[in-house]
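In what follows, every heavy atom counts, from backbone to side chain, and hydrogens, waters and symmetry copies are set aside. As the structure is a prediction and not an experimental result, all values here were calculated from the model.
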Amino acid sequence: MKTALGQETNFEELLKLVETKYFWTDLPKAEKIIDSLINATSSSEQEIRALLLGARISRRDGNFFLAIQRTRIAERKAELSGYYELACKASWFLSDNFLETGLIGEANRYLLRAERNAELIREPSKMKTIQTHLLQEEARGLMAKSDYVAAIKLLESSAFQGKSNSSNFSLNVEQHINFQHLMGVCYLELGKLNLSGKYLYEALQHAGSLKDETKLAIYQAQAERLYRLGELDSCKYFLDKAHPYVEKADPIRLKERVYWTFARYFASKGDYMNSNKYFEFFNQAVLERADLAGQITDELIKEFNKEQLSIKKRNLILLWTLIAFIVAAVFYYIVKKQGPKVHLPLIEPDQNKSLRMDLIELDIPSKLQVKENPVENDLNISLDTENRLVRDLNILETDLFFLDKNITLTNLANKLQSNQKYVSYIIRKYRSQNFNDYVLNLRIHYLIDQLKENEVMLDYKLSYLADLAGFSSHSKFTMAFKSVVGMPPSQYMEDLRELIMKKK
């Protein structure tokens, strides 16, 4: 294989060289070599592996969107070619990228794809290893939402322990350390510092053999724990151990936590110059992540719009082809039956135009919730503002803003940094509802999803469910549920119980 190095090189050797050397020392050279590998691979498996390594290089270089593009291509090729282990790795890398930028809804979607791909892996040992990794990724997602109690329950669940204690399977060193680290961080955030120290100490025993960003995460957690205990000298020891890895780290969220601990440590020591410096680093990292999330969301919206346009064009072509075929078949049948003297009436121009317009105006259903509807725009709202509001509204929906009992159109407009008229226009255009119906539908569908995912909730009182879904009273909840679903919540829950029992 002729490569960017200018010599015949074995694919495996070159891939290993990029991963172990240039990935850490020379990103431009790593990018150049990986491009040549992607274009010169001799099999689908090699192309997928090269794309995945290329995605890691792009992310390390700060180009998250290129990393996402490469990984999505790798995921599709792996699924079509039956390389489900590689497909699973691609899916969880996508999940991690979206989680890193704060797009938790997209992260969860790709984590589910990874779990489905993992179930198709034929080798039991590989399947269990990957499923354990995905379980830890799911716990990270819960931690990103500050649900540390749920994360601990997941990590300590019977499913996880079953995997780790199985006679033919055991956690590898990396997974074991990740488990200890995640448990330590959860207890740290819950204020149980001694219990946190127990888990972090166990993780620190193996820190020397880990990836740089894993070392950084463990050192930061231990430094933060010691800072909260007031043991500032020990805190500084672990901050000094973390410092060499900060600039090389990929995860922006991890950098934020390191800078935050540094800033508070220096403030406690009265060194306000260094404290202000690290507070500034922290603010820059927060802004970088927010900007990155906005850029990715914008690109996803553009891709979605292009995809929808392509789908509409394909469907129009198919419809016109079908119409032409039907007309030809009818014409042939009439000529065959009545003979050559029969003259068919021509389609009048206005009829043809009407038919064409009907086809052009066909609404192709969207696979996403976003669905644009024709709404009179008399507000002179710019396209950039409209796109920003749609993007930010999607983010607020993912953050479950509608569960706030006191949410109003004014509150929502403030969250979106806009005015009521603009927000009302966006909801009518893209959700086909007024504000009140929009919020009610979101609350009811959220509750239905919760009932389906957790059957224990079917035994909860309706007043509790009403409160959980953001309703201020039982009666309002019942009326809203019936208007959306078509039946009272009690009847729906009874039907769902019977369905679950039948499945069991």
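Between Met493 and Leu462 there is a side-chain heavy-atom pair separated by less than 4.5 Å. Looking at heavy atoms from C-beta onward, Leu188 lies out of side-chain contact with Leu195 at the 4.5 angstrom threshold. No side-chain heavy atom of Glu75 sits less than 4.5 Å from a side-chain heavy atom of Leu86. Residues Phe262 and Phe282 have side chains not in contact (no heavy-atom distance under 4.5 Å, counting atoms from C-beta outward). For the pair Ile407 and Arg443, the minimum side-chain heavy-atom distance is below 4.5 Å. Counting heavy atoms from C-beta outward, Ile448 and Tyr492 have side chains that approach closer than 4.5 Å. Residues Gln220 and Leu239 have side chains not in contact (no heavy-atom distance under 4.5 Å, counting atoms from C-beta outward). Using a 4.5 Å cut-off on side-chain heavy atoms (C-beta onward), Lys77 and Glu47 make contact.
The aromatic rings of Phe435 and Tyr438 are tilted relative to each other, their planes meeting at an angle between 30° and 60°. Taking the six-membered ring where the residue is Trp, Tyr199 and Tyr187 present parallel rings, their angle staying beneath 30° rather than reaching 60°.
Rounded to the nearest 0.5 Å, atoms CD1 (Ile427) and CG (Leu412) are 5.5 Å apart. Expressed to the nearest 0.5 Å, how far CG of Leu120 lies from OH of Tyr84 amounts to 5.5 Å. Once rounded to the nearest 0.5 Å, the distance linking CD1 of Ile34 with CZ of Arg49 reads 10.0 Å. Within the model, atoms CG of Leu94 and OG1 of Thr71 stand 5.0 Å from one another, a figure rounded to the nearest 0.5 Å. Within the model, atoms CD1 of Ile121 and SG of Cys88 stand 5.0 Å from one another, a figure rounded to the nearest 0.5 Å. Between Ile152 atom CD1 and Met143 atom CE the span is 8.5 Å, to the nearest 0.5 Å.
Nearest heavy-atom pair, Gly184 versus Ser196, reported as atom, atom and distance to 0.1 Å: O-OG, 2.7 Å. Gly105 and Thr398 make their closest contact through N-CG2, 3.2 Å (heavy atoms, listed as atom of the first residue, atom of the second, distance). Ala107 and Phe98 make their closest contact through N-CB, 3.7 Å (heavy atoms, listed as atom of the first residue, atom of the second, distance). Contact between Ser58 and Arg70 at its shortest, heavy atoms only, is OG-NH1, 3.0 Å. Of all non-hydrogen atoms in Ile130 and Ala118, the two that sit nearest each other are CG2-CB, 4.1 Å. Nearest heavy-atom pair, Leu440 versus Ala480, reported as atom, atom and distance to 0.1 Å: CD2-CB, 3.9 Å.
Residues satisfying the side chain to side chain donor-acceptor pair (under 3.5 Å) test with Asp404, not counting sequence neighbours, are none. Residues satisfying the ring-ring contact (aromatic ring centres under 6.0 Å, His included) test with Phe477, not counting sequence neighbours, are Phe471, Phe481.
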Could you walk me through whether Arg140 and Asn178 pass side-chain contact (heavy atoms from CB on, under 4.5 Å), step by step? CA-CA 10 Å; Arg140 289 182 197 276; Asn178 282 338; 3.9 Å; yes
For salt bridge (Lys or Arg N to Asp or Glu O under 4.0 Å), just list the numbers for Glu224 and Arg257, CA-CA rounded to whole Å, side-chain angles, deciding distance to a tenth of an Å, and then say yes or no. CA-CA 9 Å; Glu224 177 66 24; Arg257 292 197 293 271; over 6 Å; no
Apply salt bridge (Lys or Arg N to Asp or Glu O under 4.0 Å) to residues Arg109 and Glu106 and explain how you reach the verdict. CA-CA 5 Å; Arg109 188 163 74 88; Glu106 282 294 293; 3.1 Å; yes
Candidate pair Ile426 and Leu416, rule side-chain contact (heavy atoms from CB on, under 4.5 Å), full reasoning: CA-CA 11 Å; Ile426 291 297; Leu416 293 169; over 6 Å; no
Test log, rule side-chain contact (heavy atoms from CB on, under 4.5 Å), inputs Leu111 and Ser91: CA-CA 6 Å; Leu111 191 60; Ser91 299; over 6 Å; no
Please report the C-alpha distance between Tyr278 and Trp260 in whole Å, then the side-chain angles of each, then the deciding distance to 0.1 Å, and finally whether the ring-ring contact (aromatic ring centres under 6.0 Å, His included) criterion is met. CA-CA 7 Å; Tyr278 280 101; Trp260 179 245; over 10 Å; no
Side chain to side chain donor-acceptor pair (under 3.5 Å) for Ser95 and Glu137? Distances and angles first, verdict last. CA-CA 9 Å; Ser95 175; Glu137 291 301 309; 5.6 Å; no
Begin with the C-alpha distance, continue with both residues' side-chain angles, and end with the deciding distance and a verdict on side chain to side chain donor-acceptor pair (under 3.5 Å) for Arg225 and Gln222. CA-CA 5 Å; Arg225 187 183 78 86; Gln222 184 70 326; 3.0 Å; yes
side-chain contact (heavy atoms from CB on, under 4.5 Å) for Ile57 and Asn63? Distances and angles first, verdict last. CA-CA 9 Å; Ile57 292 170; Asn63 193 339; over 6 Å; no
Given salt bridge (Lys or Arg N to Asp or Glu O under 4.0 Å), test Glu119 with Arg116 step by step and report yes or no. CA-CA 5 Å; Glu119 291 172 357; Arg116 287 197 296 269; over 6 Å; no
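Annotation: Met487, atom CE; neighbour count of heavy atoms from other residues, nucleotides and ligands within 6.0 Å is above 12. The 12-atom threshold is not exceeded at NZ of Lys198, counting heavy atoms of other residues, nucleotides or ligands nearer than 6.0 Å. Few gaps surround CD on Glu498; more than 12 heavy atoms of other groups in view lie less than 6.0 Å from it.
Here the rule is salt bridge (charged side-chain N to carboxylate O under 4.0 Å, His left out) with Asp96, and of Arg59, Lys89, Arg56 only Arg59 fits it.
Using a cutoff of 4.0 Å between basic side-chain nitrogens and carboxylate oxygens, Asp392 and Arg388 are scored as salt-bridged. At a threshold of 4.0 Å, the pair Glu79-Arg113 counts as salt-bridged, since one of the basic side-chain nitrogens sits closer than that to a carboxylate oxygen. With respect to the salt-bridge test (charged N to carboxylate O, under 4.0 angstrom), the residues Glu397 and Arg431 qualify.
Without hydrogens or angle criteria, Asn454 side chain to Val456 main chain gives a donor-acceptor distance under 3.5 Å. For Asn441 (side chain) and Asp437 (main-chain N/O), a donor-acceptor pair under 3.5 Å exists by modelled atom type.
With no hydrogens or angles considered, a side-chain donor-acceptor pair links Tyr430 and Glu386 at under 3.5 Å. In summary, the side chains of Thr385 and Ser382 do present a donor paired with an acceptor at a separation below 3.5 Å, with no hydrogens or angles considered. Using modelled atom types, one finds no donor on one side chain facing an acceptor on the other under 3.5 Å when comparing Glu45 with Ser81.
The stretch residues 180-191 participates, sequence neighbours left out, in these salt bridge (Lys or Arg N to Asp or Glu O under 4.0 Å) pairs: Glu189-Arg228.
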